[in-house]
Amino acid sequence: MNNRVLIVSFSFEQEAEAFDVLKEAGLEPVLLAEKDREGYTEKELIEYWNSLEEKPSGLLMGADINLGRAFAESAKGLKYISLNCAGYDHLDIEAFKANGITICNVPRQNFDAVADLAWGLILSVMRKIVQGDRNIRSGRWCDGVARGIAVSKKTLGIIGFGAIGQAVARRATGFDMDIIYDNLVEEKEIGAKYHAQYVSREKLFKESDIIISTCPLTDETYHLINSESIAMMKESAVVINPSRGGVVDTKALYEALKSGRIAGAGLDVYEEEPLHESPLFELDNVVLTPHMGGLADREIHNVAMQSAYHMADLMKGQSTGTEVTEE
């Protein structure tokens, strides 16, 4: 095993101090820069890996390339992956385990940043902030934005009551909201802290004015928001998704937004990324951001530093405590 670490993460490559952590641990960072891998998929990354004369033992990466069995079996010499992010649904965990490759992530570092953006989306959609900005720049003043939707005193439904969901709930208390949530288990103590009521998913869809997904992508949550669940929602409902793109059936959401079946949506994640074209672009009642929820200055730095420390530990044969052990 050598000391080389391939870096495939735009947010990491901005953090010189994180590179120093690797170097001080005796590791040799090999940067595949964002500008040099535009449009890369698993296929291109396999080709790049095969082109390296000396194969790295470590891979430090973000969440912008889906990697499965093909890469796991082709990446000769790879022993460790340190994720510069919390999510790992873009990796085939079982395939990497079968090939003796250990993966760790950086959990609970950027939940405040994601919650901040989630609230930005809520306010932007309901108060038509983006549309208002476009109007005033084009000389239309308040045409179409004179009647927004009040945010305070609404019912907020949170799907997934982990770190991000709780951070969203904490901010909601300042808006004097009724907070309900759906989770794998009832979080009685935390729910009481934020005056949040544990309800069935069906009740959440029916009663919420704002439905926000803060859950991971699993077999159970794939297309959780679909034509059937949307049919349960109020016509005034707004859907917010800063979690994972696959949680929302994009086609069903588009049809609901276009027909006025629901009032609006705010999305930071998509079923296919990067999103360069979409029928959603036609609509004024959806606000779209480029998967930037965790990309705040403090969080970018903290996550990069932690992923560097994790890689250093892994390459020494030490546990990070964040190894991903199952899908």
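FYI, the numbering just counts along the sequence from 1.
Residues Y181 and V199 form no side-chain contact, since every pair of their non-hydrogen atoms from C-beta on lies 4.5 Å or further apart. Counting heavy atoms from C-beta on, the side chains of L91 and F96 come closer than 4.5 Å. Residues R261 and I230 are in side-chain contact: their nearest non-hydrogen atoms beyond the backbone lie under 4.5 Å apart. Side-chain contact check for I7 versus F19: some heavy-atom pair is nearer than 4.5 Å. Using a 4.5 Å cut-off on side-chain heavy atoms (C-beta onward), L224 and I159 make contact. For the pair V151/W119, a side-chain contact is recorded, criterion being any heavy-atom separation below 4.5 Å from C-beta on. You'll find the side chain of D89 stays beyond 4.5 Å of the side chain of Y222, heavy atoms only. Contact of the D64 side chain with the R37 side chain is registered, since non-hydrogen atoms from C-beta on lie closer than 4.5 Å.
Interatomic distance, S259 OG to E235 CD, rounded to the nearest 0.5 Å: 9.0 Å. In this structure, CD1 on I180 lies 4.5 Å from CG on L204, to the nearest 0.5 angstrom. Between atom CG of residue D133 and atom OG of residue S124 there is a gap of 10.0 Å, rounded to the nearest 0.5 Å. Atoms CZ and CD, from F111 and E299 in turn, are 8.5 Å apart once rounded to the nearest 0.5 Å. With rounding to the nearest 0.5 Å, the separation of CD1 in I210 from CG in L121 is 11.5 Å. In this structure, CD1 in I149 is found 9.5 Å from CZ in R147, a value given to the nearest 0.5 Å.
Inspection of the T289 and D268 side chains reveals an N or O donor paired with an N or O acceptor under 3.5 Å. In summary, the side chains of E323 and S319 do present a donor paired with an acceptor at a separation below 3.5 Å, with no hydrogens or angles considered. For E271 and T250, the side-chain atoms include at least one donor-acceptor pair closer than 3.5 Å. S57 and N3 share no donor-acceptor pair across their side chains, judged by distance under 3.5 Å alone. A donor and an acceptor atom, one from each side chain of E282 and Y254, are located under 3.5 Å apart.
With W141 contributing its side chain and N135 its backbone, the two residues share no donor-acceptor pair below 3.5 Å. No donor-acceptor distance shorter than 3.5 angstrom exists from the side chain of N183 to the backbone of E186, with no hydrogens or angles considered. Of the possible polar contacts, none joining the K43 side chain to the Y40 backbone as a donor-acceptor pair under 3.5 Å is found. Judged purely by atom type and a 3.5 angstrom limit, K55 uses its side chain to pair as donor or acceptor with the backbone of L52. A donor-acceptor pair is defined here as one N or O able to donate and one able to accept, closer than 3.5 Å; no such pair exists between the side chain of Q306 and the backbone of V303. Looking only at distances, a side-chain donor or acceptor of N226 sits under 3.5 Å from a matching main-chain atom of H223. Side-chain atoms of S200 come within 3.5 Å of backbone atoms of K203 as a donor-acceptor pair (strictly under, hydrogens ignored).
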task = Starting from the C-alpha separation in whole Å, work towards a yes-or-no answer on side chain to side chain donor-acceptor pair (under 3.5 Å) for S227 and D249.
result = CA-CA 8 Å; S227 56; D249 180 339; 5.8 Å; no
request  = Take I158 and T214, measure what side chain to side chain contact (heavy atoms under 4.5 Å, CB included) needs, and give me the verdict at the end.
outcome  = CA-CA 7 Å; I158 303 172; T214 59; 3.5 Å; yes
query = Going through the distances and angles, do H90 and M61 end up as a side chain to side chain contact (heavy atoms under 4.5 Å, CB included)?
reply = CA-CA 11 Å; H90 57 301; M61 65 177 295; 4.0 Å; yes
request  = Apply side chain to side chain contact (heavy atoms under 4.5 Å, CB included) to L27 and V21, showing your working.
outcome  = CA-CA 9 Å; L27 304 180; V21 169; over 6 Å; no
query = Step by step, would you call F161 with Y198 a ring pair (Phe, Tyr, Trp, His ring centres under 6.0 Å)?
reply = CA-CA 10 Å; F161 211 53; Y198 180 63; 9.2 Å; no
Verdict with supporting geometry, L253 and L267, side chain to side chain contact (heavy atoms under 4.5 Å, CB included) = CA-CA 11 Å; L253 180 66; L267 308 176; 3.9 Å; yes
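Between E255 and K251, none of the side-chain N atoms (NZ, or NE/NH1/NH2) sits under 4.0 Å from a carboxylate O, so this pair counts as no salt bridge. A salt bridge between D176 and K154 is absent, with no side-chain N of the basic residue lying under 4.0 Å from a carboxylate O of the acidic one. Between K193 and E189 there is no salt bridge, since no side-chain N of the basic residue sits under 4.0 Å from a carboxylate O of the acidic one. The pair R69-E42 does not count as a salt bridge, with every side-chain nitrogen at least 4.0 angstrom from each carboxylate oxygen.
Note on L31 and V5: same hydrophobic cluster, where clusters join Ile, Leu, Val, Met, Phe, Trp and Tyr whose side-chain heavy atoms are under 4.5 Å apart, directly or indirectly. Linking ILVMFWY residues whenever their side-chain heavy atoms come closer than 4.5 Å, directly or via other members, places V248 and L280 in the same cluster. The same ILVMFWY cluster, assembled from side-chain heavy atoms under 4.5 Å apart, contains both V30 and I101. Connection of V286 to L123 is not established within any shared hydrophobic cluster, with ILVMFWY side chains joined at heavy-atom distances below 4.5 Å, either directly or through further cluster members. Each of V106 and V324 belongs to its own hydrophobic cluster when Ile, Leu, Val, Met, Phe, Trp and Tyr are linked at side-chain heavy-atom distances under 4.5 angstrom.
Atom CD of E228 sits in a sparse spot, with 12 or fewer heavy atoms from other residues, nucleotides or ligands closer than 6.0 Å. In the displayed structure, K79 atom NZ is contacted under 6.0 Å by at most 12 heavy atoms of other residues, nucleotides or ligands. Counted within 6.0 Å of OH on Y309, heavy atoms from surrounding residues, nucleotides or ligands total 12 or fewer; the atom is thus considered open. Heavy-atom contacts from other residues, nucleotides or ligands closer than 6.0 Å to NZ of K258 number 12 or fewer. Within a 6.0 Å radius of CD in E38, no more than 12 heavy atoms belonging to other residues, nucleotides or ligands are found. Atom CD of E272 has 12 or fewer neighbouring heavy atoms from other residues, nucleotides or ligands inside a 6.0 Å radius.
For G144 against Q131, the heavy-atom pair with the smallest separation is O-NE2, 3.8 Å. Minimum interatomic distance between S213 and V247 (heavy atoms only, all atoms of both residues): OG-CG1, 3.4 Å. Of all non-hydrogen atoms in L314 and C104, the two that sit nearest each other are CD1-SG, 3.6 Å. Taking each heavy atom of N105 and H310 in turn, the nearest pair found is O-CE1, 3.2 Å. Closest approach of A263 and V238 over heavy atoms only: CB-CG2, 4.4 Å. Pairing each heavy atom of S82 with each of S307, the nearest pair is OG-O, 2.8 Å.
Between F71 and W49, the ring planes lie perpendicular to each other; the angle is over 60°, past the 30° to 60° tilted range.
Between I212 and the options N241, L156, V239, I164, a side chain to side chain contact (heavy atoms under 4.5 Å, CB included) holds for only L156.
For residues 164-174, the pairs satisfying side chain to side chain donor-acceptor pair (under 3.5 Å) are D112-R170, D112-R171, D116-R171, R170-Y194, with sequence neighbours left out.
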